[in-house]
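Here the structure comes first, spelled out in structure tokens, and everything after it is commentary.
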Amino acid sequence: MPAQHAKEQHATRTDEQADIDHLQRDVLEAVALGRPLAAVMDLLCRAVETLAPEVICSVLTVDEDGRVHPLAAPSLPASFSGALEGFQIGPAAGSCGTAAWRRQPVEVTDIATDPLWADFRDLALPHGLQACWSTPILLASEQVVATFALYYREPRAAAPFHRRMVQACTQLCQIAFMHDRHQREIERLAYFDGVTGLPNRTLLADRARQTLMQASRTETPAALLLLDIDRFKTVNDSLGHAVGDQVLKHISARLLGTLRDSDTLARLGGDEFVALLPGCSAEDAMHVAGKLRAVLEAPIPLAGSHARVQMTASIGVCAYPRDGLDLDQLLKNADIAMYEAKRAGRDCARFFLHAMNQALDERLDIEAALRHALSNQLLQLHFQPKVRLTDRALVGVEALLRWHDAERGWVPPDRFIPVAEESGLINALDAWVLAQSCAQLARWRAEGIAVPGVSVNVSPQRFHQDDVAAHARALLARHGLAASDLTLEVTERLMLDDTSRPREQLQQLHEMGVGVSVDDFGTGYSSLSYLKRLPVTELKLDKSFVRDLEQDADDRALSSAVIGIGRSLGLTVVAEGVETEGQRDILVKMGCDSAQGWLFGRPMAAEALAGWIAAQATACTGLGVTTTPSSSA
């Protein structure tokens, strides 16, 4: 008989293990098929209860704050499960709350008498729950994410079969929860921005599709705002990408706190954000844009530092259905409007207007034609003489870029230079002008044409992105020119730039002996301090001051002040736009060194300059004036 009993026990255990194996296969298959975690846990609980009808199975999740939430309990009374929602785990919080607190299994054989259930027995006993064994579910991080519990309808301990089954179920729960965590992480990466946690372009597209379909059905408006954070690149370049990410998080939190729950704020990437506003008219959207700009006004603190940064945004506003019927069209038009906000000086919002589309098309056409002209050597240089005011002797020439297009004719620089700056072509144009200017000066010298030196304009952008000093050094060496033969004209905006790269290059140019001229001095950003601390050799008095010298006392006072500043600092002052003898006489009396303008010579092709020099020499000889070219520029 004992042998027979042992044989029967072995057979029973084998059958039980087969049942457990079958349960594991069913649950793992559900996980592999990607079924929701709640559905997988419900399947697990039902399978356990089928194998052991004497137990009631439940799974509670545990959040990061240590509160429990029913996930699956198909046979527990709904009132009992609902009462557990949000309970805090602790050292005496029933079987499940205590197991999660201790991070180890808790077996209570009699709920009526066990002190762990003192605060909960009146909840359990009326439902016929007499005993409970709970096991915490821990992931690899040792974080408790759930509890797996067996309830009994009578006071008792767990049977051996139950223990083997719970051991298998604990592993299944770990696999299911880990898979769910991975799936949620994959979803986060697929649909949410990794820095700010906001929806990305993919999720924005899905929400926009739903929003616009709803707006179409109900004939209600919707609006889209495109925000570009002004000068964010400066933060990244000067403070680093880690600080830049920190700033983006602050910005997204502020913007998100300003919008309604029904709105969607997404990050497109970089420093661009999109706000999708269902039920919002164009006028209301402009009001929202003002609120979004307002929340950015407060300085943003930086972790680990007392420093703060203050950011602004340029915002393009467009409305459905007036400005587009789908997300792509709305984004395109909002981008055009945002670009206009940038052009208006940043930190503002602009509606989309259909005229903007025409302007954009024109800019794109000019950009394409300009690229073609640059790559096919269709650009030209003209040169305007710079003369000494006292005797009209040539002191140098300024190289000026000219473009004659087959379809457009002569294209004014003020029309194509801004396009070059916006499209990134300006660096290539600047480099071409500098190279051609140095080559032309060398050719004049070889031909015996006495041109003392050449001035070339260089954009601020190129000083940030290229090594201007190295390029100038190479060109001077290639053409056998002295550094003093070259003057680079820069804007006051560059002189006021505090970043190190432009300053270092200006210093290198100065040490080489290349002149640095401040173009259009006094028109917008004048600061006397940079004239003292940066290697400036020349100031150019803007033509707006020169134009009305003969009639306007204020212009005379301002011009006299600029000339006085230059002379006191030992700088050459060149007046631009001199067109009359009266202007020249006033400038001479003020002590201005040099000038350029139509009175002396218009910009001309390189071949024409030799004739101009000869004609100028003849005219001055007739007046008894010596015209030996000056060596100073």
Over 12 non-hydrogen atoms of neighbours within 6.0 angstrom of NZ in Lys342: yes
Heavy-atom check, side chain of Leu224 versus side chain of Tyr320, under 4.5 Å: no
Audit row: Asp230, Ser314, side-chain hydrogen bond (donor to acceptor under 3.5 Å, both in side chains) steps and yes/no: CA-CA 7 Å; Asp230 299 326; Ser314 299; 2.7 Å; yes
Side chain to side chain, Asp193 and Leu248, heavy atoms closer than 4.5 Å: no
Full working for ring pair (Phe, Tyr, Trp, His ring centres under 6.0 Å) between Trp444 and Phe383: CA-CA 12 Å; Trp444 280 324; Phe383 299 88; 4.9 Å; yes
Under 3.5 Å side-chain donor-acceptor pair for Ser517 and Glu538: yes
Distance (rounded to the nearest 0.5 Å) between Arg567 CZ and Thr572 OG1: 10.0 Å
Distance, nearest 0.5 Å, that separates CD1 of Ile417 from CG of Leu401: 5.5 Å
Criterion side-chain contact (heavy atoms from CB on, under 4.5 Å) on Met590 and Ile586, from CA distance to verdict: CA-CA 6 Å; Met590 289 180 178; Ile586 293 172; 3.6 Å; yes
Residue pairs passing the salt bridge (Lys or Arg N to Asp or Glu O under 4.0 Å) test where at least one lies in residues 425-446, sequence neighbours excluded: Arg445-Asp485
Under 3.5 Å: donor-acceptor pair, side chain of Gln508, backbone of Ala469: no
Under 3.5 Å: donor-acceptor pair, side chain of Ser252, backbone of Lys249: yes
Sidechain-backbone polar pair: Trp612 side chain, Phe600 backbone, donor-acceptor under 3.5 Å: yes
Atom pair CG (Leu370) and CG (Leu379), whose distance is rounded to the nearest 0.5 Å: 6.5 Å
Whether Asp228 side chain and Glu272 backbone form a donor-acceptor pair below 3.5 Å: no
Minimum-distance pair of heavy atoms, taken over all atoms of Trp432 and Gln380: CH2-N, 4.1 Å
Non-hydrogen atoms of Leu389 and Ala595 that approach each other most closely: CD2-CB, 3.6 Å
Verdict with supporting geometry, Leu268 and Leu204, side-chain contact (heavy atoms from CB on, under 4.5 Å): CA-CA 9 Å; Leu268 291 189; Leu204 171 68; 3.9 Å; yes
side-chain contact (heavy atoms from CB on, under 4.5 Å) between Arg346 and Arg231, worked out: CA-CA 9 Å; Arg346 298 183 171 88; Arg231 300 184 179 89; 3.4 Å; yes
Polar side-chain atom of Gln583 near backbone of Glu550 as donor-acceptor pair, under 3.5 Å: no
Considering all heavy atoms, the nearest Gly566-Leu539 contact: CA-CD1, 4.0 Å
Met512 and Leu476, any side-chain heavy atoms less than 4.5 Å apart: yes
Check: Leu331 main-chain N/O paired with Asp335 side-chain donor or acceptor under 3.5 Å: no
Point-to-point distance, once rounded to the nearest 0.5 Å, from CD of Glu489 to OG of Ser459: 13.5 Å
Side chain to side chain, Ile229 and Phe273, heavy atoms closer than 4.5 Å: yes
Distance-minimising heavy-atom pair for Asp555 and Ser544: OD2-O, 3.8 Å
Shortest non-hydrogen separation from Pro535 to Val516 and the atoms involved: O-CB, 3.4 Å
Close side-chain approach of Asn333 to Gln329, heavy-atom, < 4.5 Å: yes
Any donor-acceptor N/O pair, Asp552 side chain to Asp554 backbone, under 3.5 Å: yes
Trace of the salt bridge (Lys or Arg N to Asp or Glu O under 4.0 Å) decision for Arg293 with Glu297: CA-CA 7 Å; Arg293 288 177 45 238; Glu297 290 179 356; 5.9 Å; no
Test item: Arg392 and Arg584 side chains (from C-beta on) under 4.5 Å apart, heavy atoms: yes
Side-chain donor/acceptor of Ser559 to backbone N/O of Arg556, under 3.5 Å: no
From CG (Leu441) to CG (Leu486), nearest 0.5 Å: 8.5 Å
Of all pairs that satisfy salt bridge (Lys or Arg N to Asp or Glu O under 4.0 Å), the ones with a partner from residues 449-470, not counting sequence neighbours: Arg462-Asp466
NE2/His287: more than 12 non-hydrogen atoms of other groups inside 6.0 Å: no
Distance in Å, Asn457 CG paired with Leu434 CG, rounded so as to fall on 0.5 Å steps: 11.0 Å
Smallest separation among heavy atoms of Ala399 and Val456, with atom names: CB-CG2, 4.4 Å
Close side-chain approach of Leu587 to Ile563, heavy-atom, < 4.5 Å: yes
Pairs touching residues 397-412 that satisfy salt bridge (Lys or Arg N to Asp or Glu O under 4.0 Å), sequence neighbours left out: Glu398-Lys540, Asp405-Arg408
Within-4.5 Å side-chain heavy-atom neighbours: Val395 and Val574: no
Audit row: Val451, Gln440, side-chain contact (heavy atoms from CB on, under 4.5 Å) steps and yes/no: CA-CA 10 Å; Val451 179; Gln440 182 58 56; over 6 Å; no
